[in-house]
Amino acid sequence: MRTVICNSIQSFWDMAENQFLEGHNVHCVFPVTDKVKSLMKIYQQQYRINQITYSEVFN
C-alpha cells in the first residue's frame, strides 16, 4: 500500500479533489488543528482515503 506525503493543506485538498489519494494512505507533514482534522476525516470518507496520519513533531 502506498503512502502519499502531503506538505501542505492545499496539496491535500488538491490531490483529494482530483482523486489522487483514493485507496492510499496519507501522511501530513504540516501542522493541523482539530477542526482541520475533522474536515480531513470527511474528505477521507468522501474520497476513499485509507488512513491519514500526522507528523508528531506538530503535536
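Heads up: numbering here begins at 1 and tracks the sequence.
Under the 3.5 Å distance criterion, with hydrogens and angles disregarded, a donor-acceptor pair is assigned to the side chains of His27 and Ser55.
Expressed to the nearest 0.5 Å, how far NZ of Lys37 lies from CD of Gln44 amounts to 12.5 Å. Here OH of Tyr47 is found 8.5 Å from CG of Asn18. Values are rounded to the nearest 0.5 Å.
The list of salt bridge (charged side-chain N to carboxylate O under 4.0 Å, His left out) pairs with a residue in residues 3-15, not counting sequence neighbours, is empty. Sorted by first then second residue, the salt bridge (charged side-chain N to carboxylate O under 4.0 Å, His left out) pairs that include residues 17-33, not counting sequence neighbours, are Glu22-Arg48.
A 4.5 Å side-chain heavy-atom check between Thr53 and Asn25 finds every atom pair outside the cut-off. Side chains of Ile9 and Val36 form a contact here, defined as non-hydrogen atoms less than 4.5 Å apart. You'll find the side chain of Ile52 reaches within 4.5 Å of the side chain of Phe12, heavy atoms only.
The two residues Ile49 and His24 have their closest heavy-atom pair at CG2-O, 3.4 Å. For the residue pair Val26 and Thr3, the shortest heavy atom distance occurs at C-CG2, 4.4 Å.
Tested against Cys6 for a side-chain contact (heavy atoms from CB on, under 4.5 Å), the candidates Trp13, Tyr54, Phe30 yield a single pass: Phe30.
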